[in-house]
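See below for the structure under consideration.
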Amino acid sequence: MMPAIPAEKSPVLAEPLKAPEGKALSTTAGVHFNNEGAFVADMSFDAGVAVQAEDSVNAKGSVNAKGAFKAEEASNTPAINEQNVAHRFSKAASKYNSIASIQRVIAEQALANLPKALKGEALDIGCGTGIHTQALVKKGATATGVDIAKGMLAQARKMYSDPIFVQGSAVDLPFVDSAFSTVFSSMALQWVSDTHLVANEIARVLKRGGVAELAIMVAGSFNELRTARKVAQLPQADTFMPTTSHWLNGFKQSGLDLQRVITKDYIDSHSDIMALLHSVKGVGAGETGQKQPPLTRRDIKKLAMAYSNITGVGSKLPLTYRVSHFRLEKR
């Protein structure tokens, strides 16, 4: 394991900041647009993951006028605690790359949205094991990865020496103003409890003319599992996520200019209900903000039967990840 990176190695680092209690960021994990700036869904994905085009939103967006999303105000679901998320992802760090197949597909699509060649400083928020931070280096950027999970950062430092890896929160980024030409994030920002804080931080660390490419899982994900639990009369174990519109609102209030956004369903499939449940837990994504009772064998049998009945796809059980791909610019 590499030693901690000294602050002087990166001119963009500010004084170390403690993550605010109760705010959340987890670790991570393209499509094309035409000459008019509209997103065009690209259906040619591999890795055994089906991708379905969903609804798109034009560059003017669809935003509310009442302020940014806060999980604790919009739902009775408890807000997710950042330290709990960090703990879960640290535990998953050693095996994350081997099991996070759909997360990798989504991140590769987000990376494909960026220009082939990057210049200047790039930031990867929720960098995880650093695989996508390294991809930013290969595109020509001087890359920095930030994550709240110490275990993920330890893995990243073992694997890659080019990027700088820093512990920090998306709601309080430990970097000076206007430090980065590019901000990237994939499958990380869905864990935050305040979209406005995150949007403001991204706007703050971006240089004028800089762009942010963000892939964020949004409300509507895991609908099959939620419905199956309801049919099986089991308690819900929801991970509450902001909607696309909540994010659009946060970005609008931060002053970032929305270039385009598309929301797509990425559908993973599993051989049985246990494999499906392990796929969620195994990548550290099972945090719901409250303690959940363990499922009994009878519960699991009921859940498996309900899942098969509602999906109707034979032996394979689908699990949907709904992701919004945002392109933003600071002017």
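Note that this is a predicted model, so its numbers are computed, not measured.
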Do [X] side-chain atoms and [Y] backbone N/O form a donor-acceptor pair below 3.5 Å?
X: D147; Y: Q167; answer: no
X: R327; Y: N113; answer: yes
X: Q190; Y: M187; answer: yes
X: S308; Y: M305; answer: no
X: H278; Y: M274; answer: yes
X: S254; Y: A203; answer: no

By side chain to side chain contact (heavy atoms under 4.5 Å, CB included), which residues pair with [X], not counting sequence neighbours?
X: S181; answer: K207
X: R331; answer: D257, Q259, E329
X: A228; answer: L303, A306, Y307, I310
X: A141; answer: L118, A122

For [X], enumerate each residue passing the side-chain hydrogen bond (donor to acceptor under 3.5 Å, both in side chains) test, keeping only those at least two apart in sequence or located in another chain.
X: T296; answer: D299
X: N223; answer: R226
X: Q134; answer: none
X: T182; answer: none

Interatomic distance, F165 atom CZ to Q155 atom CD [nearest 0.5 angstrom] =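 These two atoms lie 11.0 Å from each other.
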
ask   = In chain order, what residues pass the salt bridge (charged side-chain N to carboxylate O under 4.0 Å, His left out) check against D177, with sequence neighbours excluded?
value =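 In terms of salt bridge (charged side-chain N to carboxylate O under 4.0 Å, His left out), with neighbours along the sequence ignored, D177 is linked to R204.
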
request  = Please work out which of the three classes, parallel, tilted or perpendicular, describes the rings of F175 and F180, given edges at 30° and 60°.
outcome  =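 Judged by the thresholds at 30° and 60°, the geometry between F180 and F175 is perpendicular.
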
ask   = Once the angle between the rings of F326 and F251 is folded into 0 to 90°, is it parallel (under 30°), tilted (30 to 60°) or perpendicular (over 60°)?
value =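 The rings of F326 and F251 stand perpendicular, inter-plane angle above 60°.
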
ask   = For V211, which fellow cluster members are found when Ile, Leu, Val, Met, Phe, Trp and Tyr are connected by side-chain heavy-atom distances below 4.5 angstrom, either directly or through intermediates?
value =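 So far as hydrophobic clustering goes, V211 is joined with none.
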
